[in-house]
Amino acid sequence: MRNIVGQAVVGDDLYGRAYEMARLREMLGQGEHILMLAPRRVGKTSLMLELRRAPEDCDVIYVDVEGGDGPADCVAAILAGLAADSRYRSRFEAIPFSSAIRDVLGRFQSASIQLDALRIEFRGAIGREWESAMTGLLSRLANPCNGRGNLLIVLDELPLLVSRMLRTGEGRNDAGRFLSQLRHWRQAPEHRGRLRTLVGGSIGLEGVLRRAGMSGSINDLAPFRLESWARPTAEAFLEELGRHSGFRLPDDTIVRMLDLLRDPVPYHVQLFYSALRESCRGETASLSREAVDRCFAERLAGASGTAHLDHHATRLEAALDGDGYDMACAILGRACRRRNGAGMTELEELRQRGPRAFASVLRDLEADGYLLREGNRLRFRSNLVREWWRRYHGTGGAA
């Protein structure tokens, strides 16, 4: 077993997800189109890539559209993924694409096609004609080919792409038409049982579309929720990792680490182990409760942890408009002050500023894994994120 920190993992490195993988395959086998719901850093992309690494009854095209600005970026990525697969290339030659797209296909005949280069070329060739490109592709995906006969298209970070599009008038119009096209793909009778889609991202697509009044465009997607590890799974991971790496943690050290984290997000567990091993220079004799606490405070929640945790702030900026972002920061600013969070009475002033906006933002913070409601209190799911937020964003935002 390897402790791979920050990167997606597959195969033997994908730990403790046997049930989730089996359930995901079961849903796909039933013909479901899936919306993956997951807090940050719990392993969403790892599951997606594991489906591609070890497909069962379908061919898998994985597309990451995080850096895209519009529908053409997503369409170009799908086209590139399919065109680079020899089993699907013959289909492209029969599609009545524009001359610009056909010219790209003609220039990339090598068996060792560079996917990124092909994607960029397709993006330039598609231009504003992304709808016709989608229509042409749809007409050919219904026909059998030399692959397994079924195709799964995985769209990672689609919510970020859509959120970015919704920030301009033209982009908003494109977003509506694009989501409608994707829905048509999913519901086309000729594709039933042959074409499936899996959508996920580091911000919630439901919240993005709810605020835009476009929730109906995804109500045919089946939700698949991916949570953090259960605590026994995290304990078993740390024990097994210690045996494999030669840096074995005593039971009381494991208990203290998980108490400090509170939510066993796989990435945070892996990060804590790596930081602790480094701070002790691989010497288990240096382990102590004080060493664990110091590692948490200085290496994880301190300035050096910013690179690993700053996305919790930047993703909020990407998901919410200015007023919504200010409201989110104000709520989080209050909740981060104490480990057990804030009572709803402490948030009443914020609610009175705009009851509907408050309720909408609070719903998103819970759905995206920032906060957890316990009775009449709201607390951070992750004590690590809480402590980091308290230090660097804990002014209360617009409070």
Visitor: Assess, by modelled atom type and distance only, whether the side chains of D156 and T45 contain a donor and an acceptor separated by less than 3.5 Å.
Guide: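 Note: D156 and T45 side chains meet the donor-acceptor criterion.
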Visitor: Is it true that the side chains of S202 and E157 contain a donor and an acceptor less than 3.5 Å apart?
Guide: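 Result is yes, a qualifying pair exists.
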Visitor: Would you confirm whether the ring centroid of W388 sits within less than 6.0 angstrom of the ring centroid of H312?
Guide: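 So the answer is no for these two rings.
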Visitor: Salt bridge or not for R256 and D293, using N-O below 4.0 Å?
Guide: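 Yes, this pair counts.
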Visitor: Under a 4.0 Å threshold between the charged nitrogen and the carboxylate oxygen, would D263 count as salt-bridged to R231?
Guide: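 D263 and R231: not salt-bridged.
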Visitor: Parallel, tilted or perpendicular, judged at 30° and 60°: which one describes the rings of F237 and W229?
Guide: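 Ring orientation of F237 relative to W229: tilted.
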Visitor: Does the Lys NZ or Arg CZ of R386 fall within the cation-pi geometry relative to F380 - under 6.0 Å from the ring centre and within 45° of the axis?
Guide: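 Not flagged: R386 not positioned over aromatic ring of F380.
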Visitor: Report yes or no: do S245 and Y273 form a side-chain donor-acceptor pair below 3.5 Å?
Guide: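 Yes, side-chain donor-acceptor contact under 3.5 Å.
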Visitor: Is the closest basic N to carboxylate O distance between E349 and R334 below 4.0 Å?
Guide: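 A salt bridge links E349 with R334.
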Visitor: Side-chain atoms of residues 5-12: list all donor-acceptor pairs with protein atoms under 3.5 Å, sequence neighbours left out, distances to 0.1 Å.
Guide:
none

Visitor: Please name all residues satisfying ring pair (Phe, Tyr, Trp, His ring centres under 6.0 Å) with H33, sequence neighbours left out, ordered by chain then number.
Guide: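 Once residues adjacent in sequence are excluded, H33 has no partner under the ring pair (Phe, Tyr, Trp, His ring centres under 6.0 Å) criterion.
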Visitor: Is the closest basic N to carboxylate O distance between R373 and E366 below 4.0 Å?
Guide: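 E366 and R373: salt-bridged.
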